[in-house]
Number of protein chains: 2
Amino acid sequence: MDRFRAIEAFARVVEFGGFARAAERLGISTSAISRLVADLEAHLESRLINRTTRRLSLTEAGQSFYERSVPLLLDLEEAESSVRASAVSPKGTLRLSCGVTFGEHFLAPAICEFSALHPQLVFDLDLSDRPVDLVEEGFDLAIRIGVIVHQGLVARRIGWTYPMCCASPAWLRRHGTPRTPEELGSHDILTYTLMPLPNVWRFESAQGTRHEIRVTTRHRANSGRVLTALATSGLAVVIEPDFIVAPELRSGALVRVLADYTLARSPISAVYPSRRHLSAKVRTFVDFLAEYATRTLHTTAA
Amino acid sequence: MDRFRAIEAFARVVEFGGFARAAERLGISTSAISRLVADLEAHLESRLINRTTRRLSLTEAGQSFYERSVPLLLDLEEAESSVRASAVSPKGTLRLSCGVTFGEHFLAPAICEFSALHPQLVFDLDLSDRPVDLVEEGFDLAIRIGVIVHQGLVARRIGWTYPMCCASPAWLRRHGTPRTPEELGSHDILTYTLMPLPNVWRFESAQGTRHEIRVTTRHRANSGRVLTALATSGLAVVIEPDFIVAPELRSGALVRVLADYTLARSPISAVYPSRRHLSAKVRTFVDFLAEYATRTLHTTAA
DNA sequence: TCTAATTATTGCATAAATCACAACAATCTT
DNA sequence: AAGATTGTTGTGATTTATGCAATAATTAGA
């Protein structure tokens with residue numbers, strides 16, 4: 001027996017003063033109502049409604065049960081619709097995980113702009129370069145750079161990052177400007193600790209010729225900003241995603257080298273646990289990120 | 001879909017931390033549980049539980065729905081069992097267990113008033129903050145604050161407690177008055193040892209925005225009066241249920257801060273071993289408590 | 001008092017939902 | 001690397017619910 005439907009049927013019978021009217025209101029037959037109420041009475045081991053064919057009256061138990069159960073039904077409806085509303089309009093807290101540098105450079109302004117559009121939504125942003133378990137740590141969403149390997153998760157690409165070779169003007173004066181990727185091999189390259197295929201970079205020229213070079217790396221760090229700072233001080237050349245070095249390129253603290261050659265771009269992905277019943281806050285924010293990325297990324301450094 | 005069973009299944013999955021364990025507890029197969037929860041999610045158009053085969057975590061929607069629906073289920077159980085019970089005059093001895101502070105502040109005057117109405121009933125009151133086993137120690141009734149997790153017991157909510165942020169005037173002079181929950185994070189907060197989610201408090205402003213803050217806690221105690229005394233002496237801010245700090249707030253020894261923000265209220269529940277054959281003394285006293293609570297609670301401190 | 005009208009209940013055949021088993025997929029542990 | 005654990009998904013059998021129609025019961029009106 002569906003107790004909620006039974007209670008609802010009982011309540012409607014009370015409110016409309018009859019089984020037939022309640023049945024019509026609920027869109028079911030009178031026999032169904034009759035059985036629902038009878039089952040409820042059997043379940044409660046008490047008669048709730050004294051019925052003569054002509055007139056209904058509540059028993060004392062029925063009166064008390066009606067008064068107590070109706071508010072509960074309303075509360076439940078309220079709880080359910082509240083959950084549904086949060087599935088439609090974005091509100092609540094969005095727990096978000098992403099890498100430190102990407103978060104500081106790209107996500108922070110994005111969240112600022114999004115937050116103005118949706119003030120009800122509160123962000124809980126966790127910047128970390130360690131691998132995180134979305135489900136276990138209760139994240140709604142993570143932004144990842146590179147190919148996603150994790151199973152059971154949904155990844156939606158929201159943009160690309162383009163690795164770029166950059167050097168400071170001082171460095172260029174001292175070492176000269178490399179014209180081909182091969183010339184880089186003799187110089188120090190700063191590179192991110194977690195980069196795939198350490199020390200091997202595949203350049204492709206505008207004409208389509210490929211240059212695979214193995215670079216010698218003295219300094220490493222797992223912070224993009226540290227690498228940028230080292231490069232700016234003239235220590236070495238740095239290969240980093242465009243969004244990290246964009247400010248230095250704009251200010252002239254760093255200059256792009258080998259601009260005629262491209263390196264393999266990496267996808268920027270929004271990753272979330274499941275596409276089924278994707279909550280509005282996640283869906284709306286990911287939609288916004290995709291739009292924001294196409295609007296703001298690569299406009300200064302490309 | 002039987003919404004009642006679906007919600008119950010969902011709640012059990014949350015409480016037991018797994019579909020399989022919940023299925024065993026409810027005496028049905030895991031596939032039934034899986035479908036029940038899936039149907040509920042479809043009904044609510046929201047994912048409630050993020051699941052990996054190995055680990056579960058509640059979504060925000062799931063968390064909120066759990067918190068709202070579980071008390072409703074308990075209330076409904078109570079309403080049903082109340083109907084089943086027959087009305088007899090209460091007499092005999094009522095063995096009653098509750099927390100020390102709540103007993104001193106709330107229960108003592110309630111028992112005084114009830115005792116005048118039912119002189120045949122003798123109370124045996126045991127104040128203690130340790131967890132008690134109702135059945136083993138032969139209690140008829142316990143009053144608990146917070147969500148009831150114990151199985152096989154019936155809980156009927158008789159009121160709410162509202163956590164409040166309070167500080168002494170001296171403390172406020174020394175540290176200034178915090179205007180937002182975030183400002184609290186830098187201060188010492190006194191908190192009860194048994195509080196859920198230690199050190200994390202969710203504030204909600206009148207506008208509905210949520211502020212989840214992690215407070216630094218140096219001092220802890222499992223006595224509400226001790227905390228109140230420490231706060232009154234100006235040691236730190238205290239977050240405690242309204243009924244504990246009400247006297248200090250009335251006398252001005254403590255002042256409420258962040259009054260514009262609300263913290264999640266906790267249910268005050270009457271808990272008893274079995275809903276079958278609920279004795280008249282228990283039922284009558286619980287009915288009285290519910291009425292007494294709505295009449296007397298929150299009239300001074302709200 | 002009798003009849004007609006209205007209303008709840010019940011029997012029955014059909015339709016729908018549910019369940020457990022099992023195969024499966026994903027993940028964690030040893 | 002393999003086994004163990006856990007959640008999901010088909011599938012057929014069982015259970016349950018539903019609507020229709022017949023039935024029983026009560027009251028208003030003649």
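Residue numbers begin at 1 in each chain, while the letters A, B, ... track the order of the sequences. Reckoned from all heavy atoms, side chains included, excluding hydrogens, waters and symmetry mates.
- The nearest whole Å value for the distance from the CZ atom in A:Arg47 to the P atom in C:dT9 is 8 Å.
- One atom, CZ of B:Phe16, and another, P of D:dG7, lie 14 Å apart when rounded to the nearest Å.
- For B:Arg35 and D:dG10, a side-chain-to-base donor-acceptor distance below 3.5 Å is present, hydrogens and geometry of angles not being considered.
- Each of C:dC19, C:dT10, C:dT9 was ranked by its minimum atom distance to the side chain of B:Ala32; first place goes to C:dC19.
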**OP:** Could you check B:Glu80 against A:His43 for side-chain hydrogen bond (donor to acceptor under 3.5 Å, both in side chains), going step by step and ending with a plain yes or no?
**Re:** CA-CA 9 Å; B:Glu80 291 187 339; A:His43 176 66; 3.2 Å; yes

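- Side-chain contact between B:Arg202 and B:Leu263 is absent, with no heavy atoms from C-beta onward closer than 4.5 Å.
- Distance, B:Met1 CE to D:dA17 P: 15 Å, rounded to whole Å.
- The distance from atom CZ of B:Arg5 to atom C1' of D:dT16 is 12 Å, rounded to the nearest whole Å.
- Where A:Gly18 and B:Ser29 meet DNA chain C, the nucleotide closest to each residue was compared, and A:Gly18 sits on the side nearer the 5' end.
- Checked by distance alone, A:Ser34 brings no side-chain donor or acceptor within 3.5 Å of a matching partner on the base of C:dA8.
- A salt bridge is absent between A:Lys91 and B:Glu60: the closest approach of a Lys/Arg side-chain nitrogen to an acidic carboxylate oxygen does not fall below 4.0 angstrom.
- Counting to the nearest Å, the C1' atom of D:dT16 and the CG atom of A:Leu36 are 12 Å from each other.
- The residue A:Ile33 sits apart from the nucleic acid: no heavy atom pair falls under 4.0 Å.
- With D:dT6, C:dT7, D:dG7 as the candidates, the nucleotide lying closest to the side chain of A:Arg21 is C:dT7.
- Annotation: A:Phe114 is not in aromatic contact with A:Tyr292 [ring centroid separation under 6.0 Å not met].
- To the nearest angstrom, P of D:dT6 lies 15 Å from CD1 of B:Ile49.
- As rounded to whole Å, 13 Å separates atom P of D:dT5 from atom CD of B:Glu24.
- Contact between the side-chain N/O atoms of B:Arg51 and the OP1/OP2 oxygens of C:dA25 is not found at any separation under 4.0 Å.
- With DNA chain D read from its 5' end, the first of the two nearest nucleotides for A:Thr30 and A:Asp39 is the one closest to A:Asp39.
- As rounded to whole Å, 18 Å separates atom P of D:dT15 from atom CG of B:Asp2.
- Salt bridge status for B:Arg21 with B:Glu24: absent, with no side-chain N to carboxylate O gap under 4.0 Å.
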